[in-house]
Amino acid sequence: MSRRRLGLRKRLALNIFSELYASTVREHRLDTLFWECTLRCNLSCRHCGSDCRVDPGVADMPLADFLKVLDEEVTPHVDPADVLVIFSGGEVLVRADLEEAGAEVTRRGYPWGMVTNGMALTPERFGRLLDAGLKSVSVSLDGFEREHNYIRGNPRSYDRALEAVRMIVREPSLSYDVVTCVTGAMVPQLEAFRDMLLSEGVRHWRLFSIFPMGRAKNDPTLRMTDAQFREMLEFIRRTRQEGRIEVSYACEGFLGGYEAEVRDHFYQCAAGVSVASIRVDGAISGCTSIRANYHQGNIYRDRFWDVWQNRFEPFRDREWARRGECADCSMFRYCQGGGMHLRGDDGELLYCHYRRL
(Lines give C-alpha, C1' and ligand atoms only; values in the text may rest on other atoms or scores of the structure.)
Protein backbone atom coordinates (compact mmCIF):
# COMPACT_ATOMS: atom_id res chain seq x y z
CA MET A 1 0.00 0.00 0.00
CA SER A 2 1.40 3.41 -0.93
CA ARG A 3 1.39 6.47 1.28
CA ARG A 4 -2.06 8.02 1.52
CA ARG A 5 -1.75 11.27 -0.41
CA LEU A 6 -2.52 14.73 0.84
CA GLY A 7 -5.12 16.19 -1.49
CA LEU A 8 -5.44 19.89 -2.24
CA ARG A 9 -8.43 20.39 0.05
CA LYS A 10 -6.66 18.70 2.95
CA ARG A 11 -3.52 20.77 2.40
CA LEU A 12 -5.60 23.94 2.47
CA ALA A 13 -7.29 22.78 5.67
CA LEU A 14 -3.92 21.92 7.22
CA ASN A 15 -2.59 25.36 6.33
CA ILE A 16 -5.53 26.99 8.10
CA PHE A 17 -5.14 24.69 11.09
CA SER A 18 -1.41 25.41 11.40
CA GLU A 19 -2.16 29.13 11.59
CA LEU A 20 -4.79 28.53 14.26
CA TYR A 21 -2.38 26.31 16.15
CA ALA A 22 0.24 29.07 16.11
CA SER A 23 -2.31 31.29 17.82
CA THR A 24 -2.98 28.58 20.40
CA VAL A 25 0.75 28.34 21.09
CA ARG A 26 1.03 32.08 21.62
CA GLU A 27 -1.88 31.99 24.08
CA HIS A 28 -0.74 28.71 25.78
CA ARG A 29 -3.82 28.56 27.97
CA LEU A 30 -3.52 25.73 30.48
CA ASP A 31 -6.49 23.35 30.22
CA THR A 32 -5.04 19.99 31.38
CA LEU A 33 -2.74 19.37 34.34
CA PHE A 34 -1.37 15.88 34.94
CA TRP A 35 -0.27 14.92 38.42
CA GLU A 36 2.06 11.94 38.37
CA CYS A 37 1.14 11.04 41.93
CA THR A 38 3.10 7.78 42.10
CA LEU A 39 5.50 5.56 40.21
CA ARG A 40 4.36 2.48 42.12
CA CYS A 41 2.41 -0.06 40.11
CA ASN A 42 0.63 -3.36 40.65
CA LEU A 43 1.71 -4.63 37.22
CA SER A 44 4.98 -4.85 35.33
CA CYS A 45 3.98 -4.19 31.74
CA ARG A 46 6.25 -5.10 28.84
CA HIS A 47 5.77 -1.75 27.13
CA CYS A 48 6.06 0.59 30.13
CA GLY A 49 7.91 3.78 29.28
CA SER A 50 8.30 4.75 32.94
CA ASP A 51 9.66 1.38 34.08
CA CYS A 52 7.16 1.42 36.97
CA ARG A 53 7.22 -1.36 39.54
CA VAL A 54 5.91 -2.35 42.97
CA ASP A 55 8.82 -0.53 44.62
CA PRO A 56 10.21 2.00 42.13
CA GLY A 57 12.60 3.51 44.66
CA VAL A 58 10.85 6.88 44.29
CA ALA A 59 8.46 8.04 47.00
CA ASP A 60 4.95 9.19 46.14
CA MET A 61 4.53 12.95 46.09
CA PRO A 62 2.71 14.05 49.26
CA LEU A 63 -0.78 15.28 48.51
CA ALA A 64 -0.12 18.47 50.47
CA ASP A 65 2.73 19.41 48.11
CA PHE A 66 0.51 19.12 45.03
CA LEU A 67 -2.35 21.01 46.67
CA LYS A 68 0.01 23.83 47.64
CA VAL A 69 0.95 24.29 43.98
CA LEU A 70 -2.70 24.16 42.98
CA ASP A 71 -3.68 26.75 45.59
CA GLU A 72 -0.77 29.17 45.25
CA GLU A 73 0.38 28.79 41.67
CA VAL A 74 -2.53 27.63 39.52
CA THR A 75 -5.85 28.75 40.98
CA PRO A 76 -4.99 32.49 41.04
CA HIS A 77 -4.46 32.40 37.25
CA VAL A 78 -7.23 30.13 35.92
CA ASP A 79 -10.89 29.33 36.24
CA PRO A 80 -10.66 25.91 37.96
CA ALA A 81 -13.74 24.70 36.08
CA ASP A 82 -11.77 25.03 32.83
CA VAL A 83 -8.74 22.96 33.91
CA LEU A 84 -8.95 19.17 34.04
CA VAL A 85 -6.64 17.61 36.64
CA ILE A 86 -5.64 14.06 35.70
CA PHE A 87 -4.08 11.72 38.25
CA SER A 88 -1.56 9.43 36.58
CA GLY A 89 1.21 7.04 37.56
CA GLY A 90 2.41 4.36 37.88
CA GLU A 91 -0.97 3.05 38.87
CA VAL A 92 -3.00 5.67 40.70
CA LEU A 93 -5.14 3.15 42.60
CA VAL A 94 -2.15 2.04 44.69
CA ARG A 95 -2.46 5.35 46.56
CA ALA A 96 -4.62 4.84 49.64
CA ASP A 97 -5.41 8.56 49.74
CA LEU A 98 -6.64 8.82 46.15
CA GLU A 99 -10.20 9.51 47.28
CA GLU A 100 -8.95 12.25 49.61
CA ALA A 101 -6.94 13.75 46.75
CA GLY A 102 -9.96 13.72 44.48
CA ALA A 103 -12.21 15.28 47.11
CA GLU A 104 -9.69 18.07 47.75
CA VAL A 105 -9.34 18.83 44.05
CA THR A 106 -13.12 18.79 43.68
CA ARG A 107 -13.50 21.13 46.66
CA ARG A 108 -11.27 23.61 44.85
CA GLY A 109 -13.57 23.57 41.82
CA TYR A 110 -11.45 21.45 39.46
CA PRO A 111 -12.85 18.49 37.54
CA TRP A 112 -10.54 15.50 37.85
CA GLY A 113 -9.91 12.20 36.19
CA MET A 114 -7.54 9.28 36.31
CA VAL A 115 -5.64 6.84 34.12
CA THR A 116 -5.79 3.24 35.38
CA ASN A 117 -5.06 -0.36 34.46
CA GLY A 118 -8.19 -1.38 36.38
CA MET A 119 -6.53 -4.09 38.53
CA ALA A 120 -7.59 -2.53 41.84
CA LEU A 121 -10.90 -0.96 40.81
CA THR A 122 -13.43 -2.77 42.97
CA PRO A 123 -17.10 -1.69 43.03
CA GLU A 124 -16.59 -0.31 46.55
CA ARG A 125 -13.58 1.76 45.55
CA PHE A 126 -15.31 2.95 42.40
CA GLY A 127 -18.22 4.23 44.50
CA ARG A 128 -15.87 6.12 46.81
CA LEU A 129 -14.08 7.71 43.86
CA LEU A 130 -17.38 8.85 42.37
CA ASP A 131 -18.31 10.33 45.74
CA ALA A 132 -14.98 12.19 45.65
CA GLY A 133 -15.97 13.84 42.37
CA LEU A 134 -14.40 11.59 39.74
CA LYS A 135 -15.34 12.94 36.30
CA SER A 136 -13.25 11.03 33.74
CA VAL A 137 -11.43 7.70 33.42
CA SER A 138 -9.09 6.20 30.87
CA VAL A 139 -8.74 2.44 31.34
CA SER A 140 -6.33 0.20 29.45
CA LEU A 141 -7.59 -2.88 27.62
CA ASP A 142 -5.03 -4.08 25.11
CA GLY A 143 -6.91 -6.77 23.25
CA PHE A 144 -8.38 -10.15 24.05
CA GLU A 145 -7.18 -12.13 27.07
CA ARG A 146 -4.04 -13.65 25.56
CA GLU A 147 -2.75 -10.44 23.99
CA HIS A 148 -3.67 -8.23 26.94
CA ASN A 149 -2.15 -10.49 29.58
CA TYR A 150 1.00 -10.94 27.50
CA ILE A 151 1.57 -7.18 27.54
CA ARG A 152 0.51 -6.68 31.16
CA GLY A 153 2.38 -9.67 32.57
CA ASN A 154 -0.38 -10.83 34.89
CA PRO A 155 -2.90 -13.65 34.24
CA ARG A 156 -5.65 -11.75 36.10
CA SER A 157 -5.14 -8.43 34.34
CA TYR A 158 -7.60 -8.95 31.48
CA ASP A 159 -10.47 -10.02 33.72
CA ARG A 160 -9.87 -7.14 36.14
CA ALA A 161 -9.57 -4.58 33.33
CA LEU A 162 -12.75 -5.84 31.67
CA GLU A 163 -14.64 -5.64 34.97
CA ALA A 164 -13.39 -2.06 35.36
CA VAL A 165 -14.62 -1.23 31.86
CA ARG A 166 -18.05 -2.70 32.67
CA MET A 167 -18.37 -0.52 35.76
CA ILE A 168 -17.22 2.61 33.99
CA VAL A 169 -19.44 2.39 30.91
CA ARG A 170 -22.50 1.94 33.11
CA GLU A 171 -21.89 5.16 35.04
CA PRO A 172 -23.65 8.00 33.18
CA SER A 173 -21.85 10.77 35.07
CA LEU A 174 -18.43 9.80 33.66
CA SER A 175 -16.51 10.72 30.57
CA TYR A 176 -14.33 7.77 29.64
CA ASP A 177 -12.37 5.99 27.00
CA VAL A 178 -10.92 2.52 26.62
CA VAL A 179 -7.28 2.73 25.54
CA THR A 180 -5.66 -0.03 23.51
CA CYS A 181 -2.00 -0.30 22.63
CA VAL A 182 -2.02 -2.21 19.35
CA THR A 183 0.63 -4.84 18.67
CA GLY A 184 1.16 -6.74 15.46
CA ALA A 185 -0.67 -9.72 16.95
CA MET A 186 -3.78 -7.59 17.53
CA VAL A 187 -4.07 -6.10 14.05
CA PRO A 188 -5.95 -9.08 12.50
CA GLN A 189 -8.28 -9.10 15.52
CA LEU A 190 -9.25 -5.42 15.59
CA GLU A 191 -12.68 -5.93 14.05
CA ALA A 192 -13.57 -8.74 16.44
CA PHE A 193 -12.25 -6.75 19.39
CA ARG A 194 -14.28 -3.71 18.32
CA ASP A 195 -17.41 -5.88 18.21
CA MET A 196 -16.65 -7.20 21.70
CA LEU A 197 -16.29 -3.64 23.01
CA LEU A 198 -19.59 -2.70 21.42
CA SER A 199 -21.28 -5.70 23.05
CA GLU A 200 -19.98 -4.43 26.41
CA GLY A 201 -21.47 -0.99 25.82
CA VAL A 202 -18.19 0.80 25.05
CA ARG A 203 -18.67 3.86 22.86
CA HIS A 204 -15.31 5.64 23.24
CA TRP A 205 -12.11 3.89 22.14
CA ARG A 206 -8.58 5.21 21.62
CA LEU A 207 -5.80 3.26 19.93
CA PHE A 208 -2.08 3.86 19.88
CA SER A 209 1.04 2.06 18.75
CA ILE A 210 3.96 1.10 20.94
CA PHE A 211 7.12 3.00 20.13
CA PRO A 212 10.57 1.59 21.02
CA MET A 213 11.29 3.33 24.33
CA GLY A 214 11.45 2.23 27.95
CA ARG A 215 10.93 -1.50 28.35
CA ALA A 216 9.58 -1.74 24.80
CA LYS A 217 12.89 -0.56 23.34
CA ASN A 218 14.31 -4.06 22.99
CA ASP A 219 11.07 -6.01 22.61
CA PRO A 220 10.18 -6.45 18.91
CA THR A 221 7.16 -8.62 19.78
CA LEU A 222 5.25 -5.45 20.71
CA ARG A 223 5.65 -3.63 17.41
CA MET A 224 3.72 -3.47 14.18
CA THR A 225 5.26 -3.62 10.75
CA ASP A 226 4.67 -0.60 8.54
CA ALA A 227 2.04 -2.58 6.65
CA GLN A 228 0.27 -3.46 9.89
CA PHE A 229 0.42 0.18 10.99
CA ARG A 230 -1.32 1.24 7.78
CA GLU A 231 -3.85 -1.58 8.22
CA MET A 232 -4.66 -0.28 11.70
CA LEU A 233 -5.21 3.25 10.36
CA GLU A 234 -7.45 1.92 7.60
CA PHE A 235 -9.45 0.03 10.23
CA ILE A 236 -9.90 3.21 12.29
CA ARG A 237 -10.93 5.18 9.19
CA ARG A 238 -13.54 2.59 8.21
CA THR A 239 -14.88 2.22 11.73
CA ARG A 240 -15.28 5.98 12.11
CA GLN A 241 -17.28 6.06 8.88
CA GLU A 242 -19.55 3.32 10.22
CA GLY A 243 -20.30 5.45 13.29
CA ARG A 244 -21.08 2.69 15.79
CA ILE A 245 -18.22 3.57 18.15
CA GLU A 246 -16.19 6.74 18.61
CA VAL A 247 -12.72 5.51 17.77
CA SER A 248 -9.57 7.52 17.22
CA TYR A 249 -5.83 7.20 16.94
CA ALA A 250 -4.02 8.83 19.84
CA CYS A 251 -2.07 12.09 19.60
CA GLU A 252 1.09 10.20 18.68
CA GLY A 253 2.22 11.83 15.47
CA PHE A 254 1.42 13.37 12.09
CA LEU A 255 -0.34 10.95 9.74
CA GLY A 256 -0.28 12.66 6.34
CA GLY A 257 -3.31 11.78 4.27
CA TYR A 258 -4.98 10.13 7.25
CA GLU A 259 -5.21 13.45 9.07
CA ALA A 260 -8.81 14.29 10.09
CA GLU A 261 -9.81 10.75 9.06
CA VAL A 262 -8.61 8.81 12.11
CA ARG A 263 -8.95 11.62 14.68
CA ASP A 264 -11.48 14.37 15.29
CA HIS A 265 -8.85 17.01 14.60
CA PHE A 266 -5.58 17.57 12.81
CA TYR A 267 -2.41 16.47 14.57
CA GLN A 268 -0.96 18.69 17.26
CA CYS A 269 1.32 18.13 20.22
CA ALA A 270 -0.41 19.90 23.11
CA ALA A 271 2.42 19.25 25.57
CA GLY A 272 3.65 22.57 26.93
CA VAL A 273 0.95 24.38 24.93
CA SER A 274 -2.23 23.51 26.79
CA VAL A 275 -1.00 20.50 28.80
CA ALA A 276 1.41 20.53 31.73
CA SER A 277 2.48 17.91 34.21
CA ILE A 278 3.90 17.77 37.70
CA ARG A 279 6.03 14.66 38.00
CA VAL A 280 6.38 12.52 41.11
CA ASP A 281 9.69 14.22 41.99
CA GLY A 282 8.27 17.71 41.46
CA ALA A 283 9.56 18.19 37.93
CA ILE A 284 7.45 20.44 35.70
CA SER A 285 7.01 19.25 32.13
CA GLY A 286 4.53 18.89 29.29
CA CYS A 287 2.95 15.45 29.44
CA THR A 288 4.20 12.60 31.60
CA SER A 289 5.54 10.62 28.60
CA ILE A 290 8.30 13.15 27.91
CA ARG A 291 11.90 12.49 28.85
CA ALA A 292 13.48 14.10 31.91
CA ASN A 293 15.82 16.31 29.90
CA TYR A 294 12.78 18.30 28.73
CA HIS A 295 11.70 19.21 32.25
CA GLN A 296 11.43 22.96 32.57
CA GLY A 297 11.66 23.39 36.33
CA ASN A 298 10.68 21.83 39.64
CA ILE A 299 7.96 22.82 42.10
CA TYR A 300 10.41 22.43 45.01
CA ARG A 301 12.60 25.25 43.74
CA ASP A 302 10.57 27.13 41.10
CA ARG A 303 7.21 28.85 40.86
CA PHE A 304 4.97 26.68 38.69
CA TRP A 305 3.16 29.55 37.00
CA ASP A 306 6.39 31.35 36.16
CA VAL A 307 7.70 28.15 34.58
CA TRP A 308 4.47 27.67 32.63
CA GLN A 309 4.50 31.20 31.28
CA ASN A 310 8.19 31.62 30.55
CA ARG A 311 10.15 28.37 30.31
CA PHE A 312 8.34 26.21 27.78
CA GLU A 313 10.03 27.66 24.70
CA PRO A 314 11.34 24.26 23.48
CA PHE A 315 7.71 23.07 23.37
CA ARG A 316 6.28 26.22 21.77
CA ASP A 317 8.94 27.07 19.20
CA ARG A 318 9.91 23.84 17.50
CA GLU A 319 12.39 25.21 14.96
CA TRP A 320 15.15 23.46 16.92
CA ALA A 321 13.58 20.16 15.78
CA ARG A 322 14.12 20.95 12.10
CA ARG A 323 17.18 18.71 11.82
CA GLY A 324 18.08 15.18 10.90
CA GLU A 325 15.27 13.55 8.93
CA CYS A 326 13.04 16.55 9.73
CA ALA A 327 15.42 19.06 8.15
CA ASP A 328 14.05 18.89 4.61
CA CYS A 329 10.66 17.31 5.27
CA SER A 330 7.83 19.12 3.48
CA MET A 331 5.45 18.16 6.31
CA PHE A 332 7.38 19.96 9.05
CA ARG A 333 5.00 22.92 8.93
CA TYR A 334 2.18 20.61 9.95
CA CYS A 335 3.86 18.22 12.40
CA GLN A 336 6.49 20.54 13.95
CA GLY A 337 8.84 17.60 14.27
CA GLY A 338 6.40 15.18 15.92
CA GLY A 339 5.42 14.61 19.53
CA MET A 340 7.82 15.79 22.19
CA HIS A 341 7.67 12.33 23.77
CA LEU A 342 9.26 10.94 20.59
CA ARG A 343 12.43 13.00 21.01
CA GLY A 344 15.50 11.38 22.56
CA ASP A 345 17.94 12.77 25.07
CA ASP A 346 19.83 14.69 22.38
CA GLY A 347 16.69 15.95 20.67
CA GLU A 348 16.87 13.41 17.87
CA LEU A 349 13.60 12.04 16.50
CA LEU A 350 13.33 8.40 17.55
CA TYR A 351 10.13 7.50 15.71
CA CYS A 352 8.34 9.08 12.75
CA HIS A 353 4.76 8.06 12.05
CA TYR A 354 4.59 9.81 8.68
CA ARG A 355 7.51 7.85 7.23
CA ARG A 356 5.74 4.59 8.06
CA LEU A 357 2.86 5.37 5.71
A.B. asks: Determine, stepwise, if the pair Y351 / H353 fulfils ring pair (Phe, Tyr, Trp, His ring centres under 6.0 Å).
C.D. replies: CA-CA 7 Å; Y351 186 93; H353 292 73; 4.7 Å; yes

A.B. asks: Checking side-chain contact (heavy atoms from CB on, under 4.5 Å) for the pair R206/T180: CA distance, chi angles, key distance, verdict?
C.D. replies: CA-CA 6 Å; R206 179 161 43 105; T180 300; over 6 Å; no

A.B. asks: Tell me, do V85 and F34 make a side-chain contact under 4.5 Å, heavy atoms counted?
C.D. replies: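 No, side chains not in contact.
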
A.B. asks: D195 vs R244, test: salt bridge (charged side-chain N to carboxylate O under 4.0 Å, His left out). Steps then yes/no.
C.D. replies: CA-CA 10 Å; D195 293 342; R244 292 187 294 156; 3.4 Å; yes

A.B. asks: Are L141 and V115 in one and the same hydrophobic cluster, where Ile, Leu, Val, Met, Phe, Trp and Tyr link if side-chain heavy atoms are under 4.5 Å apart?
C.D. replies: no

A.B. asks: With no hydrogens and no angle check, is any side-chain donor or acceptor of D142 less than 3.5 Å from a backbone partner on C181?
C.D. replies: yes

A.B. asks: Report the C-alpha separation of R238 and E191 in whole Å, then their side-chain angles, then the decisive distance to 0.1 Å, and conclude whether the salt bridge (charged side-chain N to carboxylate O under 4.0 Å, His left out) test is met.
C.D. replies: CA-CA 10 Å; R238 290 194 310 271; E191 291 193 2; 3.3 Å; yes

A.B. asks: Does R108 come within less than 4.0 Å of E104, counting only side-chain N to carboxylate O?
C.D. replies: yes

A.B. asks: Looking only at heavy atoms, which two atoms of W308 and A276 are closest? And how far apart?
C.D. replies: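 For W308 and A276, the tightest heavy-atom pair comes out as CZ3-CB, 3.6 Å.
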
A.B. asks: With rounding to the nearest 0.5 Å, note down the distance linking CZ in R279 to SG in C287.
C.D. replies: 8.0 Å

A.B. asks: Taking R26's backbone N and O only, do any of them form a donor-acceptor pair with H28's side chain (distance below 3.5 Å, no angle check)?
C.D. replies: yes

A.B. asks: Give a yes or no on whether a salt bridge exists between R343 and E348, defined as a side-chain N under 4.0 angstrom from a carboxylate O.
C.D. replies: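 Looking at R343 and E348, the cut-off is not met.
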
A.B. asks: Validate the cation-pi geometry between R311 and W305: distance from NZ or CZ to the six-membered ring centre under 6.0 Å, angle to the ring axis within 45°.
C.D. replies: no

A.B. asks: Which heavy atom of I290 sits nearest a heavy atom of A271, and at what distance?
C.D. replies: CD1-CB, 3.6 Å

A.B. asks: Please determine whether residues L30 and V275 belong to a single hydrophobic cluster, defined as Ile, Leu, Val, Met, Phe, Trp and Tyr linked transitively by side-chain heavy-atom distances below 4.5 Å.
C.D. replies: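 Result: no, two separate clusters.
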
A.B. asks: Ignoring hydrogens and angles, tell me if any N or O in the side chain of R355 forms a donor-acceptor pair with the backbone of E325 under 3.5 Å.
C.D. replies: yes

A.B. asks: Does either side chain, that of T239 or that of R194, offer a donor lying less than 3.5 Å from an acceptor on the other one?
C.D. replies: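 There is such a pair between these side chains.
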
A.B. asks: Are H204 and Y176 an aromatic pair by the rule of ring centers under 6.0 Å?
C.D. replies: yes

A.B. asks: Hey, mind stepping through C37 and V280 against side-chain contact (heavy atoms from CB on, under 4.5 Å) and telling me if it holds?
C.D. replies: CA-CA 6 Å; C37 59; V280 70; over 6 Å; no

A.B. asks: I'd like to know whether L357 forms a side-chain contact (heavy atoms from CB on, under 4.5 Å) with R230, so could you lay out the CA-CA distance, the side-chain angles of the two residues, the decisive distance to 0.1 Å, and finally the verdict.
C.D. replies: CA-CA 6 Å; L357 302 177; R230 293 190 295 268; 4.2 Å; yes

A.B. asks: Give me the atom names and distance for the closest heavy-atom approach of M114 to L121.
C.D. replies: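 Residues M114 and L121, closest heavy atoms: CE-CD1, 4.2 Å.
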
A.B. asks: Would you mind reporting whether R322 and D328 have side-chain heavy atoms less than 4.5 Å apart?
C.D. replies: no

A.B. asks: Taking atom CZ of F266 and atom CZ of F254, what is their separation to the nearest 0.5 Å?
C.D. replies: 8.5 Å

A.B. asks: Strictly below 4.0 Å, N to O, side chains only: are R240 and D264 in salt-bridge contact?
C.D. replies: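 Yes, R240 and D264 are salt-bridged.
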
A.B. asks: Has E171 got a side-chain atom pairing as donor or acceptor with S173's backbone, closer than 3.5 angstrom?
C.D. replies: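 Yes, because the side chain of E171 sits within donor-acceptor range (under 3.5 Å) of the backbone of S173.
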
A.B. asks: Can you find a pair of side-chain heavy atoms, one from T38 and one from M61, that are under 4.5 Å apart?
C.D. replies: no

A.B. asks: In sequence, state the C-alpha distance, the side-chain angles, and the governing distance for W35 and S88, and then conclude on side chain to side chain donor-acceptor pair (under 3.5 Å).
C.D. replies: CA-CA 6 Å; W35 179 34; S88 70; over 6 Å; no

A.B. asks: Quick check: closest heavy atoms across V178 and L197, and the distance to 0.1 Å?
C.D. replies: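 Result for this residue pair: CG1-CD2, 4.4 Å.
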
A.B. asks: I'd like to know whether CZ of R146 has more than 12 heavy-atom contacts from other residues, nucleotides or ligands below 6.0 angstrom.
C.D. replies: no

A.B. asks: Taking 4.0 angstrom as the limit, do D97 and R95 come out as a salt bridge?
C.D. replies: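 Judged by the 4.0 Å cut-off on N to carboxylate O distance, D97 and R95 do form a salt bridge.
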
A.B. asks: Would you find more than 12 non-hydrogen atoms of other residues, nucleotides or ligands less than 6.0 Å from R333 atom CZ?
C.D. replies: yes

A.B. asks: Within the side chain of K10, is there an N or O that forms a donor-acceptor pair under 3.5 Å with the backbone of E259?
C.D. replies: yes

A.B. asks: Side-chain contact test, heavy atoms from C-beta onward, threshold under 4.5 Å: evaluate it for L198 versus R203 and give yes or no.
C.D. replies: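 L198 vs R203: side chains touch.
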
A.B. asks: So do the side chains of S277 and E36 get within less than 4.5 Å of each other, counting heavy atoms only?
C.D. replies: no

A.B. asks: Report the C-alpha distance between F144 and F193 in whole Å, list the side-chain angles of each, state the deciding distance to 0.1 Å, and finish with yes or no for ring pair (Phe, Tyr, Trp, His ring centres under 6.0 Å).
C.D. replies: CA-CA 7 Å; F144 292 111; F193 188 62; 5.3 Å; yes

A.B. asks: Are V69 and V92 joined in one hydrophobic group, where the rule is that I, L, V, M, F, W and Y side chains link up if heavy atoms are under 4.5 Å apart?
C.D. replies: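 They do share one cluster, since a chain of ILVMFWY contacts under 4.5 Å joins V69 to V92.
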
A.B. asks: Tell me, do Y267 and E252 make a side-chain contact under 4.5 Å, heavy atoms counted?
C.D. replies: no

A.B. asks: Is the side chain of D302 donor-acceptor paired with the backbone N or O of F304 at a distance under 3.5 Å, no angle test?
C.D. replies: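 Side chain of D302 to backbone of F304: no pair is present.
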
A.B. asks: Could you go through L222 and Y150, starting from their C-alpha distance and side-chain angles, then the distance that decides it, and tell me whether this counts as side-chain contact (heavy atoms from CB on, under 4.5 Å)?
C.D. replies: CA-CA 10 Å; L222 300 177; Y150 175 75; 4.2 Å; yes

A.B. asks: Using a strict threshold of under 4.0 Å (side-chain N to carboxylate O), is an ion pair present between R156 and E163?
C.D. replies: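 Salt bridge absent between E163 and R156.
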
A.B. asks: Consider side-chain contact (heavy atoms from CB on, under 4.5 Å). Of V262, L255, V182, which one does I236 pass it with?
C.D. replies: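 So, applying the side-chain contact (heavy atoms from CB on, under 4.5 Å) to I236 and each of V262, L255, V182, only V262 qualifies.
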
A.B. asks: Any Lys/Arg nitrogen of R316 or E313 sitting under 4.0 Å from an Asp/Glu carboxylate oxygen of the other?
C.D. replies: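 No, R316 and E313 are not salt-bridged.
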
A.B. asks: Tell me whether R40 is salt-bridged to E91, with the criterion being a basic N under 4.0 Å from an acidic carboxylate O.
C.D. replies: no

A.B. asks: Please check this pair: side chain of N149 against backbone of Y158, looking for a donor-acceptor N/O pair closer than 3.5 Å.
C.D. replies: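 Judged by distance alone, yes, a pair lies under 3.5 Å.
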
A.B. asks: With the side chain counted from C-beta on, respond yes when R125 and L98 share a heavy-atom pair under 4.5 Å apart, and no when they do not.
C.D. replies: yes

A.B. asks: Would you say the side-chain atoms of R29 pair up with the backbone N or O of T24, donor to acceptor, closer than 3.5 Å?
C.D. replies: no

A.B. asks: Could you give me the CA-CA distance, side-chain angles and deciding distance for E73 and R303, then say whether salt bridge (charged side-chain N to carboxylate O under 4.0 Å, His left out) is met?
C.D. replies: CA-CA 7 Å; E73 290 294 311; R303 305 286 290 182; 2.4 Å; yes

A.B. asks: Do any N or O atoms from the side chain of W112 and from the backbone of A101 form a donor-acceptor pair under 3.5 angstrom?
C.D. replies: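 A pair under 3.5 Å: no.
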
A.B. asks: Spell out, yes or no, whether W320 and M331 are grouped together once hydrophobic residues are joined by side-chain heavy atoms under 4.5 Å, including indirect joins.
C.D. replies: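 Shared cluster, yes.
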
A.B. asks: Does V25 belong to the same Ile/Leu/Val/Met/Phe/Trp/Tyr cluster as L20, with side-chain heavy atoms less than 4.5 Å apart forming each link?
C.D. replies: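 No, it is not one cluster - the side chains of V25 and L20 are not joined through contacts under 4.5 Å.
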
A.B. asks: For Y334, is there any backbone N or O sitting under 3.5 Å from a side-chain donor or acceptor partner on S18?
C.D. replies: no

A.B. asks: Which distance, rounded to the nearest 0.5 Å, do you find between the CZ of F315 and the OG of S285?
C.D. replies: 4.0 Å

A.B. asks: Might you point out which heavy atoms bring C326 and A321 nearest each other, and give the distance in Å?
C.D. replies: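 Minimum heavy-atom contact is CB-O, 3.4 Å.
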
A.B. asks: What I'd like to find out is whether the side chain of N117 reaches to under 4.5 Å of the side chain of C41, using heavy atoms alone.
C.D. replies: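 When only atoms from C-beta onward are counted, C41 and N117 do touch, with a gap below 4.5 Å.
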
A.B. asks: Looking only at heavy atoms, which two atoms of F312 and V307 are closest? And how far apart?
C.D. replies: CD1-O, 3.3 Å

A.B. asks: Is the terminal nitrogen or CZ of R356 (NZ for Lys, CZ for Arg) located under 6.0 angstrom from the six-membered ring centre of F229 and within 45° of that ring's axis?
C.D. replies: yes

